[in-house]
Amino acid sequence: MIKKEIRRVLTERLVELGFNLDEGELGVEEPSNPEFGDFASSIALELASRTEDSSRALAERVAEGICKDDFSRVTVAGPGFINFDLSPSLIIDSLNRLLSSSSPLDEFPDSIGKSIQIEFVSSNPTGPLTVGHCRQAVLGDVLASLYSRLGYDVETEYYFNDEGRQMDILASTLWARYSQSLGEEVEIPEDGYKGEYLIDIGEDLAEEYGDEYLTWNDDTAAFFKNKGLERMIRRIKEDLSLVGVEFDNWFRESSLHEKGEVDEVINVLREKDGTYEKDGAVWLKAEEEGAPQDVVLVKSSGEPTYLLPDIAYHLDKFERGYDQALVLLGADHQRHVENMKAGLSKLGLPPDFYQALINQFVSLSAEGEVKKMSTREGEFVTLKSLVEDLGKDVVRYFMAARKPESHLEFDYELAKEESMDNPVYYLQYAHTRIASIFRKSDRVNLEGKFELEDLNLSRLGEPEEQELMKKLDKFPEIVEIAAEDYAPHYLISYGEKLSSLFHKFYNKYRVLTDDEELGAARLGLCKGVQMVLGELLEILGVSTPKEM
RNA sequence: GCGCCUGUAGCUCAGCUGGACAGAGCAGCGGCCUUCUAAGCCGCAAGUCGGGGGUUCGAAUCCUCCCGGGCGCACCA
């Protein structure tokens, strides 16, 4: 990465001049105006106040001493910006490194000895997954890919409640549906789950078990609870696999109770003076830890609230040895996050262990198709219907395209009808076009490989070619900051820009030309673009078709 | 009322840890296919970055107030 190199050179020079500053703190920008070079630093503007010099004079002093080998130009502009123009050889080296590596992210080690656990979706098995869950599924899955590319040890986990009131309601509703499908006059419970999915499962069970369970008793209740849970989890897994998401672990809340971890946590919290009793309930002293107000851990009925097992769950994660636990939660859980932090802080966990990424809701631009879809499905648009209508690639792309903390307005019309204008195809098409060129080229063997030794990349002198090479160089940094900022959408912005540069290049120049040396160099450039775009699409979980 | 998120072109949104004249896609208008797939390219038009103050050499970006939208403020999960 050239940017890192510039940062290093600049830091070195500043140290030489007697400044001591933290590495990485140094600002290096990519100016929007090409006149200001490939990279620019405003460091002199920031540091000038510490010296006798004007910012302009300081910039000049800094620039003077910078080794010029890697740059065709180092200039001082405006009030004291230092602008760098990269030398062609530096850019070509970068492409050369890419072409001789097995992946654009080779520079990241396979393992950095850090681990992150990512929990997402975690919807309780009482209904089908919706578009909201779908966004989270995609975000979580992409983040997991990003971290694993960076060398983290990554584990994804789905946490679900498998007992308690919700499961009882699931059981009684399912029993009612089962009975109905056998012709019995049974009403579903008032607070039951009304969606059609339980009718299907009820019918299934009726077919499989006949009238064996028509009488409601403890055994029947247990039977439908088990079956309901099993079938719902199966459906959730099926839905997730439709968008290409698979979890490493499925974690049952009941296992925490079985192992006594919930009781243990409340005891530890008591010991650490983190709780008190009021009105027959046990409260967490959350306010002391920065939460807006104290919250109930154990109700006066003796039942734990949702918070307590979740604290126990995260202690469990901590004890499993992860360095960091990231949880994706919907906007309505913001308060819960504050309570969790308070609870974990009382337990003495490191403050940065628990990380929550709050994502805002998804709304569908409600026209035509969408409305039909929601009446068919009941109250909500399901993940399944969305993917069946639009396909995995489109859904994943759209769900990852916005920053998580923004509302996502899913443009259904654009996603569905406009195959021509649909942005997801734009990236895929760039990748496919390259595949097509390779098919036409006799320099490329069947595996898409070609000889690198005789590539003369210095033939790539056109501005479009230079731009492409520079852009390719930036990919690893994009992956890094997308992971750090929990911002998968950086990949989308970058990918659209890279594809755009490629399409422009493709339109203006021919790759396969009579000038063999030039053609070979351009094939090399195409290969680089394909490697980066392929890696990017793979992280996003979007396919790379050979033909479109 | 309080807290979190959000308000950028007609629409949907980018804008990297504040940086040098604000970007993209869609929609609109006008061009480009005997040559590697036109799912593409080129051009035109379009914005007081919600509004007012402040910090700074420099603000869409930081602080503050106001206005508008989403979510939350349970012994629900």
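All heavy atoms count here, side chains included; hydrogens, waters and symmetry mates do not. A, B, ... follow the sequence lines: proteins, then strands. Residue 1 opens every chain.
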Quiz prompt | Base-pairing mate for B:rU61 - Watson-Crick or G-U, with both contacts under 3.5 Å | solution = none

Practice problem: Compute whether any side-chain donor of one residue and acceptor of the other, for A:Glu405 and A:Asn359, lie under 3.5 angstrom apart. | Solution: no

Exercise. Output yes when at least one side-chain N/O atom of A:Ser41 is less than 4.0 Å from OP1 or OP2 of B:rG19, else no.
Key: no

Quiz item: OP1, OP2 of B:rA38 versus side-chain N and O of A:Arg433: anything below 4.0 Å?
Solution: yes

Self-check item: Closest listed nucleotide, where the reference is the side chain of A:Ala40 and the choices are B:rG19, B:rA24, B:rA20
Solution: B:rA20

Quiz prompt | Nucleotide-resolved protein contact map, nucleotides 70-77 of chain B, B/S/- at heavy-atom distance under 4.0 Å | solution = BSSS-BSB

Nucleotide N/O of nucleotides 56-63 of chain B paired with protein N/O under 3.5 Å:
none

Quiz prompt | salt bridge (Lys or Arg N to Asp or Glu O under 4.0 Å) partners for A:Asp316, two or more places apart | solution = A:Lys259, A:Arg320

Practice problem: May I ask whether A:Phe81 stacks on the base of B:rG19, given the cut-offs of 5.5 Å between ring centres and 30° between planes? | Solution: no

Practice problem: Please determine, by modelled atom types, if A:Tyr313 and A:Glu157 share a side-chain donor-acceptor pair under 3.5 angstrom. | Solution: yes

Quiz item: To the nearest Å, how far apart are A:Arg7 CZ and B:rC16 C1'?
Solution: 10 Å

Quiz item: Does a side-chain N or O from A:Lys504 land closer than 4.0 Å to OP1 or OP2 of B:rG40, or not?
Solution: no

Quiz prompt | Pairing of A:Arg459 and A:Glu465 as salt bridge, 4.0 angstrom limit | solution = no

Practice problem: Taking only the side-chain heavy atoms of A:Tyr425 (C-beta and beyond), determine which of B:rA20, B:rA14, B:rA39 contains the nearest atom. | Solution: B:rA39

Quiz item: How is A:Lys497 classified with respect to the nucleic acid when contacts are heavy atoms under 4.0 Å: base, sugar-phosphate, or nothing?
Solution: nothing

Exercise. Using Watson-Crick or G-U wobble geometry with both distances below 3.5 Å, tell me the partner of B:rG40, or none.
Key: B:rC32

Exercise. Have a look at A:Asn83 and say if it touches a base, only the backbone sugar-phosphate, or nothing, with a 4.0 Å heavy-atom cut-off.
Key: base

Quiz prompt | Euclidean distance for P, B:rA24 against B:rG40 (whole angstrom) | solution = 16 Å

Quiz item: Do A:Ser254 and A:Glu163 have a side chain donor and acceptor closer than 3.5 Å?
Solution: no

Quiz item: With a non-hydrogen cut-off below 4.0 angstrom, is A:Thr432 in contact with a base, only sugar-phosphate, or nothing?
Solution: base

Quiz prompt | Complement of B:rA24, any strand, by Watson-Crick or G-U distances under 3.5 angstrom | solution = B:rU12

Exercise. When you get a sec, tell me which of B:rC16, B:rC36, B:rU6 is the closest nucleotide to the side chain of A:Asp485?
Key: B:rC16

Practice problem: Have a look at B:rC26 and give me syn or anti from its glycosidic angle (syn if within 90° of zero). | Solution: anti

Exercise. If B:rG1 has a Watson-Crick or G-U wobble mate with both distances under 3.5 Å, name it; if not, just say none.
Key: B:rC73

Quiz item: Using atom P of each nucleotide, how far apart are B:rA9 and B:rC57 to the nearest Å?
Solution: 31 Å

Practice problem: Only counting residues at least two apart or in another chain, list the ones meeting side-chain hydrogen bond (donor to acceptor under 3.5 Å, both in side chains) with A:Tyr397. | Solution: A:Glu496

Quiz item: For A:Arg402 and A:His407, does a side-chain donor sit closer than 3.5 Å to a side-chain acceptor?
Solution: no

Exercise. Name the closest nucleotide to the A:Glu30 side chain, picking from B:rC41, B:rC16, B:rG3.
Key: B:rC16

Practice problem: Taking only the side-chain heavy atoms of A:His489 (C-beta and beyond), determine which of B:rG15, B:rG40, B:rA20 contains the nearest atom. | Solution: B:rG15

Practice problem: Kindly say if A:Tyr426 contacts the phosphate of B:rC41, meaning a side-chain N or O under 4.0 Å from OP1 or OP2. | Solution: yes

Self-check item: Full working for ring-ring contact (aromatic ring centres under 6.0 Å, His included) between A:Phe251 and A:Phe160
Solution: CA-CA 6 Å; A:Phe251 195 101; A:Phe160 62 98; 8.7 Å; no

Quiz item: Separation of A:Asn422 atom CG from B:rU12 atom C1', in whole Å?
Solution: 13 Å

Self-check item: A:Glu462: side-chain hydrogen bond (donor to acceptor under 3.5 Å, both in side chains) partners, not counting sequence neighbours
Solution: A:Tyr509

Practice problem: Determine the interplanar angle of the A:Phe71 and A:Phe84 rings, folded into 0 to 90°, and report it as parallel if under 30°, tilted if 30 to 60°, perpendicular if over 60°. | Solution: tilted

Self-check item: Candidates B:rU12, B:rG3, B:rC16 - which lies nearest the side chain of A:Arg402
Solution: B:rU12

Quiz item: What residues, two or more places apart in sequence or in another chain, satisfy ring-ring contact (aromatic ring centres under 6.0 Å, His included) together with A:Phe361?
Solution: none

Quiz item: Planes under 30° and centres closer than 5.5 Å, is that true for A:Tyr506 with the base of B:rG40?
Solution: no

Quiz prompt | C1' atoms of B:rC21 and B:rU17, separation to the nearest Å | solution = 24 Å

Self-check item: Separation between the C1' atoms of B:rG15 and B:rC32, rounded to whole Å
Solution: 31 Å

Quiz prompt | Span that lies between the P atom of B:rU12 and that of B:rA45, in whole angstrom | solution = 24 Å

